[in-house]
**Student:** 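Below you will find the structure I want to go over with you.
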2 protein chains.
Amino acid sequence: MKNNDNPTMKDVAREAGVALGTVSRVINGIPVGESYRLRVEEAIEKLGYRVNSYARGLKTNRTNCVALLMPSLSHPFFAALTDKLTACLMKHGYRSILMITNYDPEAEKKCLVLGHENKVDGVIALTYSPDLQPDDATPMVTIDRHCGDSIPCVSSDNYRGGEIAAEKLAELGCRRLLFMSVASDIPGEVEKRGEGFEAACRRLHIAYEQIILHDRDTEAPFYDFLLRHIREGVPDFDGIFCNTDRLACRMRDFLLGQGIRIPEDVQLIGYDGITDYATGRYTCSTIVQPIAQIAETAVSLLLDTTGLAVPTNICLPVHYAPGGTTRE
Amino acid sequence: MKNNDNPTMKDVAREAGVALGTVSRVINGIPVGESYRLRVEEAIEKLGYRVNSYARGLKTNRTNCVALLMPSLSHPFFAALTDKLTACLMKHGYRSILMITNYDPEAEKKCLVLGHENKVDGVIALTYSPDLQPDDATPMVTIDRHCGDSIPCVSSDNYRGGEIAAEKLAELGCRRLLFMSVASDIPGEVEKRGEGFEAACRRLHIAYEQIILHDRDTEAPFYDFLLRHIREGVPDFDGIFCNTDRLACRMRDFLLGQGIRIPEDVQLIGYDGITDYATGRYTCSTIVQPIAQIAETAVSLLLDTTGLAVPTNICLPVHYAPGGTTRE
DNA sequence: GGCGTTTCGTGAAACGTTACACATCTTCTG
DNA sequence: CAGAAGATGTGTAACGTTTCACGAAACGCC
């Protein structure tokens with residue numbers, strides 16, 4: 001499969017006429033006499049030597065690899081998060097091993113075993129088990145789900161996000177609100193969006209209704225629900241909060257197709273701040289999650305883990321971003 | 001960072017009272033006497049032994065890791081492809097190391113070096129360099145871009161896809177077509193969609209115009225273009241072909257917002273077949289790429305590489321899928 | 001100018017596997 | 001029944017690094 005005549009440190013040492021240990025020190029940036037260093041660097045250059053991370057990993061028990069557990073990449077939030085996580089890890093000199101779990105706790109466990117075998121230095125998981133535990137002492141950080149006090153979790157302020165959505169809709173003059181959401185069977189941080197929304201509605205004395213689905217694969221019930229609530233082109237609601245931009249975008253598309261004007265007839269707010277769907281010209285209003293910051297926080301939480309520090313849960317702020325108009 | 005008292009094969013051997021080699025054979029499925037095998041398996045179970053892939057990789061020079069070079073995950077096609085590739089690789093017992101290149105040829109080269117150091121067994125690249133070469137003898141497969149005769153490339157039939165789009169629009173009665181596209185500076189397979197579209201239009205004697213952008217970051221010129229071509233609510237075009245679903249979806253959203261009916265006033269066809277945007281109720285028509293099949297083909301092309309077989313370019317068929325209506 | 005102290009290079013011993021030569025024990029064959 | 005041919009287990013030498021004890025040279029100090 002591969003012809004394997006890659007030069008090793010030994011070859012470099014011979015070429016440079018120095019000891020093996022000296023080559024190692026040059027490579028690892030440990031002080032070495034100027035003339036030696038130059039000779040070694042020259043030899044490395046000449047031979048096209050590349051370090052073998054497997055030999056290094058075996059010896060040092062550190063691999064510079066982090067496992068990323070994601071339920072799927074077809075949801076744009078996960079894709080964006082994975083994108084940022086990978087970029088951020090690379091910046092820190094880490095490689096990311098991507099594992100797709102399909103929302104399946106069993107698969108998640110298998111991935112952790114695989115990660116253990118692969119000696120990853122850490123795991124960042126967006127898990128759908130209530131209590132995922134690292135397979136061994138590998139450090140782990142979760143996103144959007146608490147998995148016990150020993151595992152730090154980073155999320156954005158979903159509860160507050162829900163509140164903001166309701167407040168914003170109220171501010172825009174809406175009085176009959178609808179909350180649409182696809183929820184996980186095991187409630188995690190994400191489900192707090194609904195709680196926050198509900199609390200704010202109650203506090204503001206605004207009528208609200210909700211439709212919550214547990215099936216990720218079809219949006220048909222949403223359409224049916226909306227159709228039932230549109231009488232002669234006028235919807236029962238004047239404000240809708242969707243718990244993802246993707247959902248908001250589809251509902252918007254549907255409503256526009258029904259001849260309902262947005263935002264004139266119905267105000268629509270999504271959630272996530274995915275630029276694909278929101279925060280541009282002609283796009284949805286949204287509650288923006290600081291995706292890049294979530295990724296950075298997760299990474300630094302993971303890499304700083306000293307074994308001594310107390311695991312911290314970090315909750316990052318969200319904000320409202322108005323969408324563009326649909327008319328010019 | 002990690003307490004490291006993981007049991008090794010030596011521990012297992014001692015526990016089971018057999019030789020090291022025997023443990024190795026059990027683990028690797030090489031025939032071993034029944035009683036020995038049981039003893040070893042028991043010891044493995046009892047100690048919670050896990051193979052150390054770094055030791056194994058060092059010895060065998062095979063790592064069961066494949067590097068995935070992707071320009072970004074924020075485009076849903078790349079995300080979906082990465083999702084499928086990873087799933088497919090996992091099924092074959094391979095792990096995928098994800099590398100994000102940001103469409104940057106320099107970054108791509110660095111990723112290949114990183115891959116080499118990490119001793120990946122192969123590389124699957126969606127590259128934006130015209131001539132990406134593997135850093136060493138590592139097998140490589142590209143997607144949607146030919147990088148020389150020695151490197152197999154898998155893509156779908158973009159030229160035909162463009163043709164189909166034009167034919168379909170013609171069939172639906174359209175006579176003034178528009179092609180909208182975001183194109184790469186260095187034309188790859190993807191740019192053939194436009195060629196096919198153009199050729200078909202000419203062949204069918206249908207008028208067409210096109211707007212091709214080279215900036216991935218803004219869609220403003222598209223909106224401006226459309227606005228210039230809408231006179232008193234009536235667009236100059238009765239059929240639009242967008243070179244991605246994402247683009248089609250945004251244009252559709254915009255047109256609907258302008259009060260233009262789809263598909264009554266304007267027929268719209270996207271490209272990719274991303275379920276997020278197309279092929280559902282209330283969604284765009286599209287040319288469907290067989291994403292899962294592309295992923296599977298790339299993987300099997302990569303893993304079957306024997307060093308002897310002639311590199312093959314594979315072109316998979318695409319098909320048209322009608323979108324849902326916007327009215328009920 | 002001897003003597004500690006620092007600086008820097010050397011060589012060998014790990015790290016946890018696999019693979020291979022060898023030993024041992026059966027089984028077959030003429 | 002001797003000897004060849006298979007099974008099957010053992011022990012050890014790699015794989016390419018890092019690390020560490022050691023030695024050699026250079027330096028400063030009273």
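The chains referred to below are lettered A, B, ... by the order of the sequence lines, with proteins before strands, and numbering in each begins at 1.
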**Student:** Start at the 5' end of DNA chain D and walk down; is the nucleotide closest to I30(A) or to A55(B) reached first?
**Tutor:**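 The residue mapped nearer the 5' terminus is A55(B).
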**Student:** Mind telling me whether Y54(B) and Y54(A) have parallel, tilted or perpendicular rings, with 30° and 60° as the class edges?
**Tutor:**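 Ring orientation, 0 to 90° scale: parallel.
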**Student:** Below 4.0 angstrom from OP1 or OP2 of dT18(C), is there any side-chain N or O of T60(B)?
**Tutor:** no
**Student:** Report the relative orientation of the aromatic rings in H75(A) and F77(A); use parallel for angles under 30°, tilted for 30 to 60°, perpendicular for over 60°.
**Tutor:**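 Judged by the thresholds at 30° and 60°, the geometry between H75(A) and F77(A) is perpendicular.
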**Student:** Run the salt-bridge test on E41(B) and R37(B) with the 4.0 Å N-O cut-off and return the result as yes or no.
**Tutor:** yes
**Student:** Does K59(B) make a side-chain donor-acceptor contact with the base of dA19(C), cut-off 3.5 Å?
**Tutor:**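 Check fails, no donor-acceptor contact within cut-off.
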**Student:** How would you label the contact of R37(B) with the nucleic acid (heavy atoms, under 4.0 Å): base, sugar-phosphate, or nothing?
**Tutor:** nothing
**Student:** Round to the nearest Å and state the distance from D11(A) atom CG to dC15(D) atom C1'.
**Tutor:** 13 Å
**Student:** What's the closest nucleotide to the T8(B) side chain, out of dT17(D), dT17(C), dG16(D)?
**Tutor:**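 That would be dT17(C).
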**Student:** Side chain of M9(B) only, heavy atoms from C-beta on: which candidate in dG16(D), dT17(C), dT10(D) is closest?
**Tutor:** dT17(C)
**Student:** Below 3.5 Å, does any donor atom in the side chain of R56(B) face an acceptor in the base of dG16(C), or the other way round?
**Tutor:**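 By the distance-only test, no, there is no pair.
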**Student:** Quick one: N52(A) CG to dA14(D) P, roughly how many Å, whole number?
**Tutor:**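 About 18 Å, once rounded to whole Å.
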**Student:** To the nearest Å, how far apart are E117(A) CD and dG16(C) C1'?
**Tutor:**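 After rounding, the reported distance stands at 13 Å.
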**Student:** In this structure, how many angstroms lie between the C1' atom of dA19(C) and the CZ atom of R25(B), rounded?
**Tutor:** 10 Å
**Student:** What integer distance in Å separates R62(A):CZ from dT19(D):P?
**Tutor:**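 Rounded to the whole Å, the gap is 10 Å.
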**Student:** With nearest nucleotides of DNA chain C determined for G17(A) and S24(B) from heavy-atom distances, which residue corresponds to the more 5′ nucleotide?
**Tutor:** G17(A)
**Student:** Side-chain N or O of Y36(B) versus OP1/OP2 of dA7(D): is the shortest distance under 4.0 Å?
**Tutor:** no
**Student:** If we check side chain to side chain contact (heavy atoms under 4.5 Å, CB included) with L98(A), which of these qualifies: L73(A), T86(A), L85(A)?
**Tutor:** L73(A)
**Student:** If you compare all heavy atoms of A125(B) against all heavy atoms of L132(B), which two are closest, and at what distance to 0.1 Å?
**Tutor:** CB-CD2, 4.2 Å
**Student:** Does OP1 or OP2 of dT18(D) have a side-chain N or O of N28(A) closer than 4.0 Å?
**Tutor:**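 So the side chain of N28(A) is within the cut-off, an N or O lying under 4.0 Å from OP1 or OP2 of dT18(D).
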**Student:** What heavy-atom pair brings N64(A) and G93(A) nearest, and what distance separates the two atoms?
**Tutor:**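 Looks like ND2-O, 3.4 Å.
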**Student:** Counting side-chain heavy atoms from C-beta on, which of dG9(C), dT18(D), dG9(D) comes nearest to L20(A)?
**Tutor:**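 Between dG9(C), dT18(D), dG9(D), the one nearest the side chain of L20(A) would be dT18(D).
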**Student:** Counting just side-chain N and O atoms, does T22(B) come under 4.0 Å of either OP1 or OP2 of dT10(D)?
**Tutor:**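 Yes, such a contact exists.
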**Student:** Round to the nearest Å and state the distance from R50(B) atom CZ to dC15(C) atom C1'.
**Tutor:**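 Going from CZ in R50(B) over to C1' in dC15(C) covers 20 Å.
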**Student:** Need one value for I27(A): base, sugar-phosphate or nothing, where a base atom within 4.0 Å counts as base even if backbone is also close, heavy atoms only.
**Tutor:**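 Result for I27(A) = nothing.
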**Student:** Taking atom P of dT18(C) as reference, at what distance in whole Å does atom NZ of K10(B) sit?
**Tutor:** 14 Å
**Student:** Of the nucleotides dG9(C), dG16(C), dT17(C), which has the atom closest to the Y49(B) side chain?
**Tutor:** dT17(C)
**Student:** Distance check: side-chain N/O of Y54(A) vs OP1/OP2 of dT18(C), anything under 4.0 Å?
**Tutor:**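 Checking dT18(C) against Y54(A), no side-chain N or O comes under 4.0 Å of OP1 or OP2.
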**Student:** What's the CG-P distance between N61(B) and dA14(D), to the nearest Å?
**Tutor:** 17 Å
